[in-house]
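Following: one structure in structure tokens, then a few remarks.
In each ligand, atom 1 is the first atom listed, and ligand 1 is the first ligand listed.
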Amino acid sequence: MSNDYKNILITGVAGFIGSNFAHYIAEKYPLYNIIGIDKLSDYSSRTNIASLEATGKIQFIKCDISDYSALDIVYQTQNLDYVVNFAAESHNDRAILDPTVFVKSNVVGAQNLLELSRQYDVKRHVHISTIEVYGEQAPDVPYFVEGSPLNAKTPYSASKAASDMMVRAYMQTYKHMDIAITHCANNYGPYQFPEKLVPLAITNVLGGKKIPIYGDGKQMRDWLHVNDHCRGLDLVLHREATAIEEESAWLPEKLPIYDFSARQEHENIEIVRIILDELGKDFDSSVEFVHDRPNHDRRYLINPGKAENELGFKPEISFEDGLRSTVRWYVDNQAWWQPILDSSENLQIDWATFKI
Ligand SMILES: NC(=O)c1ccc[n+]([C@@H]2O[C@H](COP(=O)([O-])OP(=O)(O)OC[C@H]3O[C@@H](n4cnc5c(N)ncnc54)[C@H](O)[C@@H]3O)[C@@H](O)[C@H]2O)c1
């Protein structure tokens, strides 16, 4: 049934996870008609989907999800079955510089999509959120789960938490709609814009620059390969429909919310060590410790138990293998990232001198 013809809208398709998901869907569901939209921000790259466009496997439309009228035309013309929303401003550093654009894309844009999915009777709507909506993990909390309170503390995570609340409101108010939310651990893999830790570290070394490590580098992060994330999203997109129960009003874990992690928690500094080892470089001469970002989350971890039990989710890529193969992908694909670096301003912010 899942391989029947379907019109699927993937938003944020020129970004890291959205483009990987488009490749995944094109490969696994060749009968699906993929429509990809993106506003093509300075931190995206349409070349991520160039091979899909060249083979006619995707139709790309430039569209800003915070522009309701433009988005309405996409819904009017495409007869959508599925909507999967990856479009978001996604970088914590940039959110500190300009929170407004984060609210516009991540909150207003997400609500525009929900409303149009309601107006046009979309069969299934999946909203991609993040582990960061749960905020900072207290020392006595082993991990977050779907019922954990939303407690975002940064402008980026607050904008994502705000859209989570709106999605939950749609789920419970418009019960005929079929909506799911996913929260995911930090992703790594191909096509990640070289401003985030893993691609920044790799491309800096390949470009003869040092790797900046924020603070002491001991921030703990929960890591999942982007392909495993796509497998989890596939399970959510094609799961059996379930009714929204009354008690989910006070038990949010009963809502269609799924947390994805590979239970792989590592310090940032450890990630850098593996990257340097794969590139055959020495640690001390390749890194520089720099002023930490203000209000940097120290640790967060989610438990994927619900996704494992209800959806049969099981990551297939071990952390070290996945990270090493990611390093090799960047080594082999300089033609992808070099033009991005050449056309981007300095992607690192000097927090020692920056006034907030
Ligand atoms: N990268 C991670 O580790 C991670 C982890 C968990 C959740 N997420 C979530 O996954 C989603 C995708 O993240 P990503 O890492 O691929 O980010 P990304 O920044 O690489 O991609 C986001 C894409 O959305 C586009 N976009 C932004 N605002 C838009 C708008 N108003 N209209 C249309 N397009 C717009 C950008 O141009 C970009 O191509 C985000 O919602 C993010 O919160 C990411």
Task: 4.0 Å heavy-atom contact, S129 with ligand 1 - done: yes
Task: Polar contact flag, side-chain donor to acceptor under 3.5 angstrom, T353-D350 - done: yes
TODO: Examine F193 together with W337 and report whether their ring centres are nearer than 6.0 Å.
DONE: no
Open item on the list: On a heavy-atom basis, I'd like to know which of N106, I17, N20 is closest to atom 4 (C) of ligand 1.
Closed with: I17
TODO: Ignoring hydrogens and angles, state whether a donor on the side chain of N7 or Q78 is under 3.5 Å from an acceptor on the partner side chain.
DONE: no
- [ ] Using the ring of F102 (Phe, Tyr or Trp, six-membered ring only), decide whether R94 places NZ or CZ under 6.0 Å from its centre and within 45 degrees of its axis.
- [x] no
- [ ] For the residue pair Y24 and D234, confirm or rule out a side-chain donor-acceptor distance under 3.5 Å.
- [x] yes
- [ ] Say whether A14 and ligand 1 are in contact under the criterion: heavy-atom distance to a ligand atom below 4.0 Å.
- [x] yes
- [ ] Kindly indicate, with the supporting measurements, whether the criterion salt bridge (charged side-chain N to carboxylate O under 4.0 Å, His left out) is fulfilled by K57 and E27.
- [x] CA-CA 9 Å; K57 291 183 180 158; E27 168 93 25; over 6 Å; no
Open item on the list: Please check whether I131 reaches ligand 1 - meaning an N/O of the residue sits under 3.5 Å from an N/O of the ligand, judged on distance alone.
Closed with: no
TODO: Kindly determine whether Q264 and H266 satisfy side-chain hydrogen bond (donor to acceptor under 3.5 Å, both in side chains), including the steps that lead there.
DONE: CA-CA 6 Å; Q264 284 297 320; H266 299 275; 2.9 Å; yes
Open item on the list: For atom 41 (O) of ligand 1, what's the nearest protein heavy-atom neighbour? Residue, atom name and distance, please.
Closed with: K160 NZ, 2.6 Å
TODO: Only heavy atoms count here, so choose which of N187, I65, L233 is nearest to atom 32 (N) of ligand 1.
DONE: I65
Open item on the list: Could you check whether Y29 and H238 have their ring centres less than 6.0 Å apart?
Closed with: yes
Open item on the list: Pairing donors with acceptors under 3.5 angstrom, does anything connect the side chains of K209 and T203?
Closed with: no
Open item on the list: Students should be able to answer this: which protein heavy-atom is nearest to atom 21 (O) of ligand 1, and at what distance?
Closed with: G15 CA, 3.3 Å
Task: Structural part of Y156 in contact with ligand 1, heavy atom criterion under 4.0 angstrom - done: side chain
Task: Aromatic contact, F260 with H183 (centres under 6.0 Å) - done: no
- [ ] Could you tell me whether some N/O pair between S105 and ligand 1 is separated by less than 3.5 angstrom?
- [x] yes
TODO: Of the side chain and backbone of H91, name the one, both, or neither that has a heavy atom under 4.0 Å from an atom of ligand 1.
DONE: neither
Task: Ligand-side contact atoms (ligand 1) for residue partner N186, heavy atom cut-off under 4.0 Å - done: 3 (O)
Task: Per-atom contacts of ligand 1 with C184, taking only distances under 4.0 Å to non-hydrogen atoms - done: 5 (C), 6 (C)
Open item on the list: I want to confirm something. Looking only at heavy atoms, which of S41, A88, A185 is nearest to atom 27 (C) of ligand 1?
Closed with: A88
- [ ] Give the residue and atom name of whichever protein heavy atom lies nearest to atom 20 (O) of ligand 1, and the separation in Å to one decimal.
- [x] F16 N, 2.9 Å
- [ ] Below 4.0 angstrom from a heavy atom of S90, which ligand 1 atoms are there? Numbered from 1 as shown, please.
- [x] 17 (O), 18 (P), 19 (O)
TODO: Can you see which heavy atom on S159 is nearest to which on N106, and at what distance?
DONE: OG-ND2, 3.0 Å
Task: Distance from atom 34 (N) of ligand 1 to nearest protein heavy atom, with residue and atom - done: K39 N, 3.1 Å
Task: Atom indices of ligand 1 within 4.0 angstrom of C63 heavy atoms, with elements - done: 32 (N), 33 (C)
Open item on the list: Just to check, does T11 reach to within less than 4.0 Å of ligand 1 when the distance is taken from its heavy atoms?
Closed with: no
Open item on the list: Going by ring pair (Phe, Tyr, Trp, His ring centres under 6.0 Å), name the pairs with one or both residues in residues 138-165, residues two or more places apart or in two chains.
Closed with: Y134-F144
Task: Top protein contact for atom 39 (O) of ligand 1, by heavy-atom distance - done: D38 OD2, 2.6 Å
- [ ] Number the atoms of ligand 1 from 1 as they appear, then name those within less than 4.0 Å of a heavy atom of F86, with their elements.
- [x] 11 (C), 12 (C), 40 (C), 41 (O)
